[in-house]
Amino acid sequence: MVSSLLTLPSTFSRLNLVQKSSIFIPFTFKAFSLLKFLKQPRLRPFNYPLLCFPSSLNSPAAHFSTSRRPVSSKSFDDDFVVLGIETSCDDTAAAIVRGNGEILSQVVSSQADLLARYGGVAPKMAEEAHSQVIDQVVQDALDKASLTERELSAVAVTIGPGLSLCLRVGVQKARRVAGSFNLPIISVHHMEAHALVARLIEKELQFPFLALLISGGHNLLVLAHDLGHYTQLGTTIDDAIGEAFDKTAKWLGLDMRKSGGPAVEQLAQEGDAESVRFSIPMKQHKDCNFSYAGLKTQVKLAIASRNIDAKVPLSCASSLDRSSRADIAASFQRVAVLHLEERCERAVEWALKIEPSIKHLVVSGGVASNQYVRARLDQVVQKYSLQLVCPPPNLCTDNGVMIAWTGIENFRVGRYDPPPPANDPDDFMYDLRPRWPLGEEYAKGRSDARSLRRARVHPSLTSLILDWSKFNVVMILQL
């Protein structure tokens with residue numbers, strides 16, 4: 001059994017503070033600590049198929065509460081309550097969700113003023129904004145749910161992908177709450193949460209399904225085989241669609257306080273979508289990857305050719321100037337979404353060959369709030385007799401509900417960590433995952449584009465869970 005411990009991959013940890021001195025060696029020097037932990041009683045969630053180990057072998061098992069008893073499905077749904085915390089980018093969000101999917105509270109503190117001031121996300125400013133409001137946002141979520149921390153069952157928090165400075169704020173808060181009140185803590189992949197929140201809204205949505213996740217930082221097409229098991233069909237090569245919307249809004253002098261996407265969508269309704277002949281990106285690449293850098297350049301050149309001054313707000317523009325801006329907005333939106341449509345159609349064909357039983361395309365992420373996007377993608381899925389599932393707009397943008405719900409889904413199958421220490425030592429290092437792939441790359445989906453961001457700071461969530469599941473099987477057989 002000890003020999004199997006020595007071969008355990010060092011990436012099995014989901015979320016923890018680990019001492020720098022022990023990041024790569026706990027499996028050789030702490031094996032017997034794990035053996036001791038396995039003999040201790042542990043909280044076991046309903047339908048719990050996996051062993052639950054401490055995420056770091058430096059974390060004493062005694063921190064794990066053993067006061068809770070195994071629960072039935074009904075009592076889990078009724079009594080299990082999770083606080084979800086999200087700070088991956090520019091919104092500070094918290095929510096409390098019951099195991100049955102009932103949303104008890106949802107609070108979001110927007111950084112709209114900062115977005116307007118800097119024309120996008122400024123990481124250091126965003127971190128400071130998160131730090132200033134995180135305590136109040138969590139407290140407001142508790143107050144609106146009429147709960148205290150002692151009535152929580154667990155805490156879920158985003159650990160990646162995102163901006164590391166911002167992620168840190170949420171993780172620190174989550175650990176303080178979990179440590180102070182002896183609560184399990186659940187690490188959440190931000191993009192998995194965007195996909196899974198659709199299962200909170202659409203009760204008929206079962207695995208497998210296809211998901212298009214579109215936001216300011218990511219474009220992602222994944223085939224969801226099961227919880228934690230994803231195949232990446234396409235990803236962002238350079239800039240995501242949300243970034244392109246934001247930059248277009250900035251260059252057109254639009255009001256950024258509600259972010260660029262809604263501003264462009266609103267102005268586009270006044271314009272002629274055929275007036276500016278933008279080229280659809282990557283027509284020559286027969287894959288499912290996305291690129292918006294070139295389209296951004298085309299938009300910038302079109303704006304310059306029409307002498308549009310972004311310093312002049314849209315509200316002060318002449319009627320001719322406003323018409324020019326509207327035409328560019330409409331033309332940009334049409335081509336940006338055509339790129340989505342083309343990639344989605346190919347992804348549906350690939351997905352049906354891999355998983356013929358899929359019935360749904362989930363579209364989530366901030367850009368999924370765009371009604372034009374929804375309408376166009378609905379036409380795509382109808383060709384294949386699939387159903388389009390889009391969460392409501394307030395659950396498409398970054399929010400705490402999706403984090404809490406994903407925490408619930410993962411807790412059900414035993415993927416969680418024991419409570420952290422009440423006070424973290426100063427020399428502990430956070431396991432933040434700013435660049436963290438969701439699934440393993442599909443062979444046909446690989447791109448030869450030179451600008452493709454191939455660097456991976458962390459193995460994909462899917463590979464971690466598959467490795468961890470294999471390890472659990474070995475441990476169960478040898479116990």
Asker: Determine whether more than 12 heavy atoms belonging to other residues, nucleotides or ligands lie under 6.0 Å from atom CD of Gln266.
Answerer: no
Asker: Is a donor on one side and an acceptor on the other found under 3.5 Å between the side chain of Arg98 and the backbone of Val81?
Answerer: no
Asker: Is the side chain of Arg374 donor-acceptor paired with the backbone N or O of Ala368 at a distance under 3.5 Å, no angle test?
Answerer: yes
Asker: Check whether any side-chain heavy atom of Asn399 lies under 4.5 Å from a side-chain heavy atom of Gln106, and answer yes or no.
Answerer: yes
Asker: Are the side chain of Ser369 and the backbone of Gly366 linked by a donor-acceptor contact shorter than 3.5 Å?
Answerer: yes
Asker: Is there a donor-acceptor contact under 3.5 Å from the side chain of Ser318 to the main chain of Asp321?
Answerer: yes
Asker: Is the distance from the ring center of Phe411 to that of Phe80 below 6.0 Å?
Answerer: yes
Asker: Determine, using ring centers only, whether His225 and Phe207 are less than 6.0 Å apart.
Answerer: no
Asker: Thinking salt bridges, do Glu342 and Lys283 make one under a 4.0 Å N-O criterion?
Answerer: yes
Asker: Is the closest side-chain donor-acceptor distance between His190 and Asp398 under 3.5 Å?
Answerer: yes
Asker: Determine whether a donor-acceptor pair (N or O, by modelled atom type, separation under 3.5 Å) exists between the side chain of Gln232 and the backbone of Gly234.
Answerer: no
Asker: So which heavy atom on Ala351 is nearest to which on Ile358, and how close?
Answerer: CB-CD1, 3.6 Å
Asker: Would a distance-only check, ignoring hydrogens and angles, find a side-chain to backbone donor-acceptor pair under 3.5 Å from Gln298 to Ser279?
Answerer: yes
Asker: Does the distance from a Lys or Arg side-chain N to an Asp or Glu carboxylate O, for Lys296 and Glu243, drop under 4.0 Å?
Answerer: yes
Asker: Indicate the atoms forming the closest heavy-atom contact of Ser275 with Asp327, along with that distance.
Answerer: OG-CB, 3.1 Å
Asker: Going by atom types alone, do Glu440 and Ser460 pair a side-chain donor with an acceptor below 3.5 Å?
Answerer: yes
Asker: Checking side-chain contact (heavy atoms from CB on, under 4.5 Å) against Thr87, which of Val171, Ile134, Thr158 comes through?
Answerer: Ile134
Asker: Judged by atom type as modelled, is there a donor-acceptor pair below 3.5 Å linking the side chain of Asp226 to the main-chain atoms of His229?
Answerer: no
Asker: Examine distances only and state if a side-chain atom of Asn289 and a backbone atom of Asp287 form a donor-acceptor pair shorter than 3.5 Å.
Answerer: no
Asker: Heavy-atom distance under 4.5 Å between the side chains of Lys173 and Val138, does that happen here?
Answerer: yes
Asker: What I'd like to find out is whether the side chain of Val97 reaches to under 4.5 Å of the side chain of Ile408, using heavy atoms alone.
Answerer: yes
Asker: What's the shortest heavy-atom distance between Ala195 and Ala211, and which atoms?
Answerer: CB-CB, 4.3 Å
Asker: State plainly whether the residues Arg168 and Glu127 are in salt-bridge range, i.e. N to O under 4.0 Å.
Answerer: no
Asker: Run Glu349 and Lys353 through salt bridge (charged side-chain N to carboxylate O under 4.0 Å, His left out) and show every step you take.
Answerer: CA-CA 7 Å; Glu349 293 173 355; Lys353 290 180 181 178; over 6 Å; no
Asker: Under 3.5 Å, is there a donor-acceptor pair between the Ser331 and Gln333 side chains?
Answerer: no
Asker: Please give me the minimum heavy-atom distance between Gly400 and Ala95, naming the atom from each residue.
Answerer: C-CB, 3.4 Å
Asker: Do any N or O atoms from the side chain of Asp238 and from the backbone of Ser291 form a donor-acceptor pair under 3.5 angstrom?
Answerer: no
Asker: Please identify each residue that fulfils side chain to side chain donor-acceptor pair (under 3.5 Å) with Glu265, with sequence neighbours left out.
Answerer: none
Asker: Regarding Tyr372 and Gln269, do their side chains bring together a donor and an acceptor under 3.5 Å, going by distance alone?
Answerer: no
Asker: Under 3.5 Å, is there a donor-acceptor pair between the side chain of His194 and the main chain of Val363?
Answerer: no
Asker: If we ignore angles and hydrogens, is there a donor and acceptor under 3.5 Å between the side chains of His130 and Thr92?
Answerer: yes
Asker: For Trp251, check ring pair (Phe, Tyr, Trp, His ring centres under 6.0 Å) against everything at least two apart and list the hits.
Answerer: none
Asker: Please determine whether salt bridge (charged side-chain N to carboxylate O under 4.0 Å, His left out) holds for the pair Asp431 and Arg433, giving the CA-CA distance in whole Å, both sets of side-chain angles, and the decisive distance to 0.1 Å.
Answerer: CA-CA 7 Å; Asp431 180 14; Arg433 303 180 181 184; 2.5 Å; yes
Asker: Any side-chain heavy atom of Leu220 within less than 4.5 Å of one from Thr236?
Answerer: no
Asker: Taking side chain as C-beta onward, heavy atoms only, is Trp350 less than 4.5 Å from Leu223?
Answerer: no
Asker: Any Lys/Arg nitrogen of Glu270 or Arg325 sitting under 4.0 Å from an Asp/Glu carboxylate oxygen of the other?
Answerer: no
